[in-house]
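First the structure, in the form of structure tokens, and then the observations on it.
Please read all numbers here as calculations on a predicted model, not as lab measurements. To find a chain, count down the sequence lines: A is the first, B the second, and so on, and within it residues start at 1.
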There are 2 protein chains.
Amino acid sequence: MHVNQLDIEALCLSKGLKLTEQRKIIAQVISASGDHPHVEEVYQRASAIDNKISLATVYRTINLLESYGVIEKLEFGDGRARYEPKRSEADHHHHLIDLTTGKIIEFYDAELEKLKADIATRLGYQLVDHRLELFGVPLKNKN
Amino acid sequence: MHVNQLDIEALCLSKGLKLTEQRKIIAQVISASGDHPHVEEVYQRASAIDNKISLATVYRTINLLESYGVIEKLEFGDGRARYEPKRSEADHHHHLIDLTTGKIIEFYDAELEKLKADIATRLGYQLVDHRLELFGVPLKNKN
DNA sequence: TTATCTGCAAAGAATTTGCGGGAGG
DNA sequence: CCTCCCGCAAATTCTTTGCAGATAA
């Protein structure tokens with residue numbers, strides 16, 4: 001799943017932010033996550049690397065990364081926000097949530113991407129961002 | 001926008017629930033809402049009709065209506081859940097959020113509906129539910 | 001009558017923030 | 001050094017819940 005390391009160093013440098021140990025660790029944790037962790041999970045994983053990191057810092061750093069468009073916020077309907085590294089536009093994808101197991105399947109569909117942009121244009125808008133979640137149950141014959 | 005009144009009476013009858021004054025009012029408020037109110041807004045509108053209704057009852061009733069599939073929960077990325085009456089499948093639609101004004105535009109696209117079901121099938125799932133939100137800014141030439 | 005529902009207020013859960021000490025540039 | 005950042009704990013915001021009285025069926 002070729003996920004690149006989030007370039008937190010470049011971000012800090014370009015925005016005049018300080019490249020703290022905590023920010024490095026949190027960026028690394030999110031980079032390495034193949035799933036879609038919520039804040040508590042990021043906190044736990046970061047704590048395993050450096051147990052002095054606080055939950056408040058995780059929240060602040062995640063909000064920072066999101067505000068600069070480095071990570072993406074996801075909402076799957078449970079009460080908490082989940083995050084994933086933002087990939088390139090070419091790498092854009094969506095999620096199918098298995099209602100029986102909670103498993104999250106990522107997918108990409110070129111036709112869908114085109115259609116969404118078309119719809120926005122038709123409505124008089126330039127598409128800036130978009131989110132699609134499908135909720136499904138496994139087909140009986142596919143096992 | 002032909003939104004029918006939520007049939008709270010039929011729901012209560014079929015499920016053995018009590019048809020209370022509060023439930024009637026809350027169902028009516030949501031039926032009448034052309035927008036996508038969050039709980040606090042439903043509470044305010046209901047309070048205007050009967051100021052003895054409590055916020056707790058609004059939460060409980062909304063959760064009840066959602067659990068029976070009568071209304072739909074929406075998440076637009078601000079911290080709170082929003083709701084709208086669930087329409088028929090034929091009436092299915094999605095949302096485009098105008099990032100400059102917060103205005104929400106509803107749309108429907110048959111091709112999109114078909115494509116989503118196809119994608120789910122291809123992944124081995126039967127589509128149970130789905131959500132799509134587009135975020136955009138107005139096109140410059142369209143004014 | 002009686003099980004369900006409501007209002008109130010308190011509890012919970014997720015997230016944000018004020019403050020004083022700490023560390024990056 | 002000096003500003004920005006962190007940890008801590010308290011505060012906010014959204015939502016849920018226990019309880020005792022109220023009400024629909």
Side-chain angles (χ1 to χ4, degrees), chain A residues 8-30 36-68 70-83, chain B residues 8-30 36-68 70-83:
Chain A
I8 186 78
E9 304 190 22
L11 176 67
C12 289
L13 195 59
S14 69
K15 301 293 175 184
L17 303 170
K18 290 188 177 173
L19 181 61
T20 64
E21 200 54 36
Q22 291 90 334
R23 285 177 180 169
K24 282 189 222 169
I25 292 173
I26 293 165
Q28 192 222 306
V29 163
I30 298 179
H36 309 84
H38 49 248
V39 177
E40 187 68 33
E41 287 170 334
V42 173
Y43 172 57
Q44 286 165 10
R45 295 173 199 179
S47 295
I49 299 173
D50 175 353
N51 70 349
K52 297 179 301 303
I53 286 182
S54 75
L55 183 56
T57 295
V58 175
Y59 270 104
R60 278 190 277 231
T61 303
I62 283 179
N63 287 341
L64 186 85
L65 293 174
E66 196 208 352
S67 74
Y68 285 118
V70 171
I71 63 175
E72 199 153 353
K73 183 181 189 174
L74 308 170
E75 286 176 297
F76 292 156
D78 55 347
R80 40 193 165 182
R82 293 171 173 276
Y83 296 88
Chain B
I8 186 78
E9 303 192 21
L11 175 68
C12 289
L13 196 60
S14 69
K15 302 291 177 185
L17 302 169
K18 291 187 177 175
L19 182 60
T20 64
E21 200 54 37
Q22 291 90 332
R23 285 175 181 171
K24 282 189 223 170
I25 292 173
I26 293 165
Q28 193 222 304
V29 163
I30 298 179
H36 309 85
H38 51 249
V39 177
E40 188 68 32
E41 287 170 335
V42 173
Y43 172 56
Q44 286 166 9
R45 295 172 198 180
S47 295
I49 299 173
D50 176 352
N51 70 350
K52 296 178 303 303
I53 287 182
S54 74
L55 183 57
T57 295
V58 175
Y59 269 104
R60 278 190 279 232
T61 303
I62 283 179
N63 286 342
L64 186 85
L65 294 173
E66 196 208 351
S67 74
Y68 285 118
V70 171
I71 63 175
E72 199 152 353
K73 183 181 189 174
L74 308 171
E75 288 176 295
F76 291 157
D78 55 347
R80 38 194 166 182
R82 293 171 173 278
Y83 295 88

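- Where B/Glu21 and A/Leu17 each meet DNA chain D at their nearest nucleotide, the meeting point lying more 5' is that of A/Leu17.
- Taking atom CD on A/Gln22 and atom C1' on D/dC8, their separation rounds to 14 Å, with Å as the unit.
- Taken residue by residue, residues 36-44 of chain B places no heavy atom nearer than 4.0 Å to DNA chain C.
- B/Tyr83 is not listed as a side-chain neighbour of B/Val42, based on a closest heavy-atom distance of 4.5 Å or more.
- In terms of heavy-atom proximity, A/Ile8 sits nearest to A/Lys24 at CG2-CA, 4.4 Å.
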I'd like a list of close polar pairs between nucleotides 18-22 of chain D and the protein, N/O only, cut-off under 3.5 Å.
from, atom 1, to, atom 2, distance (Å)
D/dG18, O6, B/Arg60, NH1, 3.3

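- Minimum interatomic distance between B/His36 and B/Glu41 (heavy atoms only, all atoms of both residues): O-OE1, 4.3 Å.
- Taking atom CZ on B/Arg82 and atom P on D/dT15, their separation rounds to 10 Å, with Å as the unit.
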Going by atom type alone, with no hydrogens or angles, which donor-acceptor pairs under 3.5 Å involve a side-chain atom of residues 11-22 of chain A and a protein atom two or more places apart or on another chain?
from, atom 1, to, atom 2, distance (Å)
A/Ser14, OG, A/Ala10, O, 3.1
A/Ser14, OG, A/Leu11, O, 3.0
A/Thr20, OG1, A/Arg23, N, 3.2

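- The shortest distance between the side-chain N/O atoms of A/Thr20 and the OP1/OP2 oxygens of D/dC6 is below 4.0 Å.
- One interatomic measurement links the two molecules: CD of B/Glu9 to P of D/dA24, which rounds to 14 Å at whole-angstrom precision.
- Atom C1' of nucleotide D/dT17 and atom CD1 of B/Ile62 are separated by 17 Å, given to the nearest angstrom.
- Of the inter-residue distances, the one linking B/Ile30 atom CD1 with B/Thr61 atom OG1 reads 8.5 Å to the nearest 0.5 angstrom.
- The two residues B/Val58 and B/Ile26 make their nearest non-hydrogen contact at CA-CD1, 3.8 Å.
- In this structure, A/Arg60 has no salt bridge (charged side-chain N to carboxylate O under 4.0 Å, His left out) partners at least two apart in sequence or on a different chain.
- Proximity of B/Asn63 to the phosphate of D/dT16: a side-chain N or O atom is located under 4.0 Å from OP1 or OP2.
- As a whole-Å value, the separation of A/Arg80 CZ from D/dC14 P is 19 Å.
- A straight line from CG of A/Asp78 to C1' of D/dT15 spans 14 Å, rounded to a whole angstrom.
- Using a 4.5 Å cut-off on side-chain heavy atoms (C-beta onward), B/Val70 and B/Leu64 make no contact.
- Residues from residues 46-55 of chain A lying near DNA chain D, meaning a heavy-atom separation below 4.0 Å, are A/Lys52, A/Ile53, A/Ser54 in numerical order.
- Each end of the helix from C/dT1-D/dA25 to C/dG25-D/dC1 yields a helix axis from five base pairs, and these two axes differ in direction by 40° (to the nearest 10 degrees).
- In this model, the phosphate group of D/dT16 is not approached by any side-chain N or O of B/Tyr59 to a distance below 4.0 Å at OP1 or OP2.
- Note that CD of B/Glu66 is 8.5 Å distant from CD of B/Glu72, once rounded to the nearest 0.5 Å.
- First and last contacts of DNA chain C with chain A, using any nucleotide atom under 4.0 Å from a protein heavy atom and ordered 5' to 3', fall at C/dA14 to C/dG25.
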Check residues 48-55 of chain A and write down every donor-acceptor pair under 3.5 Å in which the side-chain atom is one partner and the other belongs to a residue at least two apart or another chain.
from, atom 1, to, atom 2, distance (Å)
A/Asp50, OD1, A/Lys52, N, 2.9
A/Asp50, OD1, A/Lys52, NZ, 2.9
A/Ser54, OG, A/Thr57, N, 3.2
A/Ser54, OG, A/Thr57, OG1, 3.1

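- In this structure, the side-chain contact (heavy atoms from CB on, under 4.5 Å) partners of A/Glu75, at least two apart in sequence or on a different chain, are A/Arg131, B/Glu75.
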